[in-house]
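Everything below concerns the one structure shown next.
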Amino acid sequence: MNGYEKTGVLSLNDIRVPSENQLRKGVAIIECVQEIPCNPCAAICPVNAISMKDINSIPIVDFDKCTGCGKCVSICPGLAIFVVKTVDNSKALVTLPYEFLPIPKTGDKVKALNRWGEICGDAEVVRVNMLGKTTVVTIRVDKKLAMEVRNIRV
Amino acid sequence: MRITRHPILEFDRGRKILFYFNDKKVEGFEGESIASALHASGVRVLSYSLRYHRPRGFFCGIGKCSSCFMTVDGVPNVRTCITPIRENMRVRRQDGGVGELSDKRFAARKKMVVDDEIVVVGGGPAGMMAALAAAKQGASVTLIDENHRVGGQLIKQTHKFFGSLEEKAGKRGIEIAEELMKQINSVPGIHLILSTTVVGCYNNNTEDGGDRYRLVAVRRFMDGDQLLDVFCKRIVFACGAMENMLAFPGNDLPGVYGAGGVQTLMNVYGVRPGDRVLMVGAGNVGLIVSYQLLQAGVEVDRVVEVLPRITGYHVHAAKLRRCGVPIYTSHSIKEAYGSDRVEGAVVVEVDKNYAPVSGTEENVSCDTICLAVGLTPSVRLLEQMGVKTEFIPEAGGYVAVHDQSMQTSLNGVYVAGDASGIEEASTAMIEGQLAGVSAAASLGYDRGANELISRCRNALRIFRSGPFGEIPRRGKEKIAYLFDKMGKKIWGDSEL
């Protein structure tokens, strides 16, 4: 049994981590590790960067092809896709789906939460996209939190 | 208790309506159920049990159980969870005796006779798709549902569905329901009969010996009920399923609700079930409803799951965990306590044989306990007709043995959706389509029927081919095996 089957929380060993270079241009991190019959991410990707053998396969992102556009973030029914982009030596942008109220505004200071729901740092909201009912929020956090932050508390 | 702002839903409440609860004036909104209006007014005790006069609240919220029975305008045992409120209605708690039903309720109206080619019982995802598919083939269809609108349980599914993009994936259940309702209203050949419960089914009961079935149904009107005598050549049963109960002390306290019942209350009527919830079960229903509780502004203390692992999709669990809700695997509820409503619960760790480990008890402070411990297919009408049923654990209990076209052991009688084995709304829609096209095709309608049938079968095969499809797949394999073993039809003689 995998650890996440007991905890509901992935570790970095469960997901593919992009290289420094790939992170600099911004790429989609898909935290979908089980074979479930679902394919909207692969179907919507404008550059065919997400591959799936069949509808039950685990989606694999080609980090070199991925442009970090974030179309998959809002379509994913499992809210399991994030875009991570490092901006300089100390900061990173994390784009995540957010389905709660209040909807944050650009410039808001919010708390950054990790996969366990624990506060792991501060974040600043830099972009808010309303696509359907799933709001897609981009926050700026410390670079070392880029692969930890997966939620915010407004 | 009323939700005013919600990230996904907008509650377009109708005009205010005043009615009476035990002679006290209570307010509600047009279109909502009695149970919902009472809950919003703080009334959780809906009745007292027959023998021990224990307080009882609602449980399933969708008209499948007897937990919300009340006396309404003098009529006892009214399912208040599916009965809309109306002005000056008199609602009373039942305590012990159930009262007498006046014949006037029926005598007021002449019975109505319906005669159609195909009757679909149940207007959820499977039933709607069955009716649409059959009508699109050219057949004339009557769709009967006991609620005052179609949509079944889709109308409370605020999360986005999985699946392929072509098959509506990425859309929320509520959006799919709306789309299908529009189609039901626009496709010619579908006659909709709502607020009507099918109470009896008989096979080939006609004097002329024709191949017709007969159903008896009761239609609820404001001023009384009407009996419906329904004749048809083909029936599709898409009656869904009901939520399972779990045995523990205090499980009948008001505040112990089915997870689906809670979903109806908060997502259909916009009423919070309570302030703090203990969720029992970490399958997809438990995980999804927990997340939706958070969206409705309700605290979720924790999720307990008796198995050593989370059985729902990891992505659903991850959504909850990153909001800070803990999931305790190998844990279960030991008891619920409270005087006339839930005031808390005791949870306990279980060992590998699922026996409680003493000394691990922990108190959980909550006013609501949600049970998400599986569903049981609704097969009572099928059984009444004499359709062969078998106990298939993988399918959730007794299900009608059926063939690849969803036809049961009786010729012309079809089944689809959860009633044919517990699965997802996505597969229910495909099965419904399969049953609807097959029923129409057996009457000679053919607008690309064969191609559609093979497309549906293929879609079902793909859906069930992954690891999460394994249990339903095994269930369906057993059903297919039993159907083959049965050999020829119990009744009738036409070929499959």
Side-chain angles (χ1 to χ4, degrees), chain A residues 1-10 14 30-44 52 54-58 72 74-82 96-103 112-120 131-135 148-153, chain B residues 5-10 158-172 174-175 282 284 287 291-292 294-297 303 305 307-330 424 426-427 459 462-469:
Chain A
M1 185 169 68
N2 291 304
Y4 64 80
E5 287 181 276
K6 199 164 172 54
T7 61
V9 177
L10 295 179
D14 297 314
I30 302 193
E31 306 202 350
C32 174
V33 295
Q34 292 171 323
E35 294 172 53
I36 50 185
C38 188
N39 72 3
C41 60
I44 201 136
M52 290 179 72
D54 61 68
I55 195 167
N56 280 294
S57 345
I58 295 165
C72 51
S74 59
I75 195 87
C76 173
L79 308 188
I81 310 184
F82 308 84
L96 45 85
Y98 190 72
E99 288 190 332
F100 290 94
L101 292 178
I103 294 164
L113 308 183
N114 63 16
R115 294 184 186 84
W116 300 86
E118 301 159 340
I119 295 173
C120 60
L131 297 158
K133 298 279 185 181
T134 305
T135 308
E148 297 299 323
V149 174
R150 289 300 176 262
N151 196 9
I152 52 172
R153 186 169 296 155
Chain B
R5 294 183 67 230
H6 191 281
I8 311 293
L9 297 162
E10 271 159 49
T158 54
H159 59 283
K160 293 188 270 194
F161 277 34
F162 294 89
S164 68
L165 204 55
E166 312 85 71
E167 299 259 359
K168 303 182 174 42
K171 277 206 178 131
R172 297 175 199 277
I174 44 175
E175 296 162 350
N284 277 332
L287 298 173
Y291 181 74
Q292 292 174 359
L294 299 178
Q295 290 179 310
V303 181
E305 166 58 56
L307 292 172
R309 46 184 280 270
I310 297 164
T311 53
Y313 292 163
H314 162 73
V315 290
H316 287 316
K319 283 181 345 193
L320 263 190
R321 292 310 317 265
R322 62 180 185 255
C323 290
V325 177
I327 301 172
Y328 289 72
T329 50
S330 297
E424 310 252 340
S426 323
T427 43
I462 292 168
F463 246 101
R464 293 173 183 146
S465 64
F468 283 93

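As a basis for the values below, the full set of heavy atoms in this structure was taken, side chains included, without hydrogen atoms, waters or symmetry mates. Chain letters run A, B, ... following the sequence lines, proteins first, then strands; residues in each count from 1.
Heavy-atom pairs under 4.5 Å with chain A were tallied for B/E305, B/E424, B/R172; the largest tally goes to B/R172. The choice from A/N2, A/I152, A/T134 that makes the most heavy-atom pairs within less than 4.5 Å of chain B is A/T134. Annotation: maximal heavy-atom pairing with chain B below 4.5 Å, among A/V33, A/T135, A/I36, occurs at A/I36. Of the listed residues (A/E31, A/R150, A/E35, A/E118), the greatest number of heavy-atom pairs within a distance under 4.5 Å of chain B belongs to A/E35. Your options are B/R5, B/H316, B/K171, and the one with the most heavy-atom pairs under 4.5 Å with chain A is B/R5. When the candidates B/C323, B/S330, B/P326, B/G469 are compared by the number of heavy-atom contacts under 4.5 Å with chain A, B/C323 comes out ahead.
Looking at B/L307, neither its backbone nor its side chain comes within 4.5 Å of chain A, counting heavy atoms on both sides. Both the backbone and the side chain of A/E5 come within contact range of chain B, with heavy atoms under 4.5 Å apart. In this structure, chain B has a heavy atom under 4.5 Å from the backbone of A/R115, while its side chain stays farther away. Interface residue B/F161: only backbone heavy atoms are found under 4.5 Å from chain A. Both the backbone and the side chain of B/H314 come within less than 4.5 Å of a heavy atom in chain A. Interface residue B/E10: only side-chain heavy atoms are found under 4.5 Å from chain A. A/L101 touches chain B through backbone and side chain together, each having a heavy atom under 4.5 Å away. When heavy atoms are compared at a cutoff of 4.5 Å, A/S57 does not approach chain B at all. Looking at A/C76, the atoms closer than 4.5 Å to chain B (heavy atoms on both sides) all sit in the backbone: N, CA, C or O. The contact between A/I55 and chain B is made entirely by side chain atoms (from C-beta outward), counting heavy-atom distances below 4.5 Å. With a 4.5 angstrom heavy-atom cutoff, A/L10 touches chain B via backbone and side-chain atoms both.
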Full working for side chain to side chain contact (heavy atoms under 4.5 Å, CB included) between B/I8 and A/F100: CA-CA 8 Å; B/I8 311 293; A/F100 290 94; over 6 Å; no
Working for side chain to side chain contact (heavy atoms under 4.5 Å, CB included), residues B/F468 and A/Q34: CA-CA 9 Å; B/F468 283 93; A/Q34 292 171 323; 3.5 Å; yes
message: Could you go through B/K160 and A/I75, starting from their C-alpha distance and side-chain angles, then the distance that decides it, and tell me whether this counts as side chain to side chain contact (heavy atoms under 4.5 Å, CB included)?
response: CA-CA 9 Å; B/K160 293 188 270 194; A/I75 195 87; over 6 Å; no
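A/N39 and B/S164 form no side-chain donor-acceptor contact under 3.5 Å, judged by distance and modelled atom types alone. Between A/T7 and B/R309, the side chains place no donor N or O within less than 3.5 Å of an acceptor N or O (distance only, hydrogens not considered).
In this structure B/R464 satisfies the salt bridge (Lys or Arg N to Asp or Glu O under 4.0 Å) test together with B/E423, B/E431, sequence neighbours excluded.
Checking side-chain atoms of A/N56 against main-chain N and O of B/P467 turns up no donor-acceptor pair under 3.5 Å. Formation of a donor-acceptor pair under 3.5 Å by the A/E99 side chain with backbone atoms of B/P7 is not found in this model.
Counting heavy atoms from C-beta outward, B/R322 and A/W116 have side chains that stay 4.5 Å or more apart.
Scanning both residues, A/G8 and B/I310, for their nearest heavy atoms gives N-CD1, 3.4 Å. Of all the heavy atoms in B/A169 and A/P40, the pair that sits closest is CB-CG, 3.7 Å.
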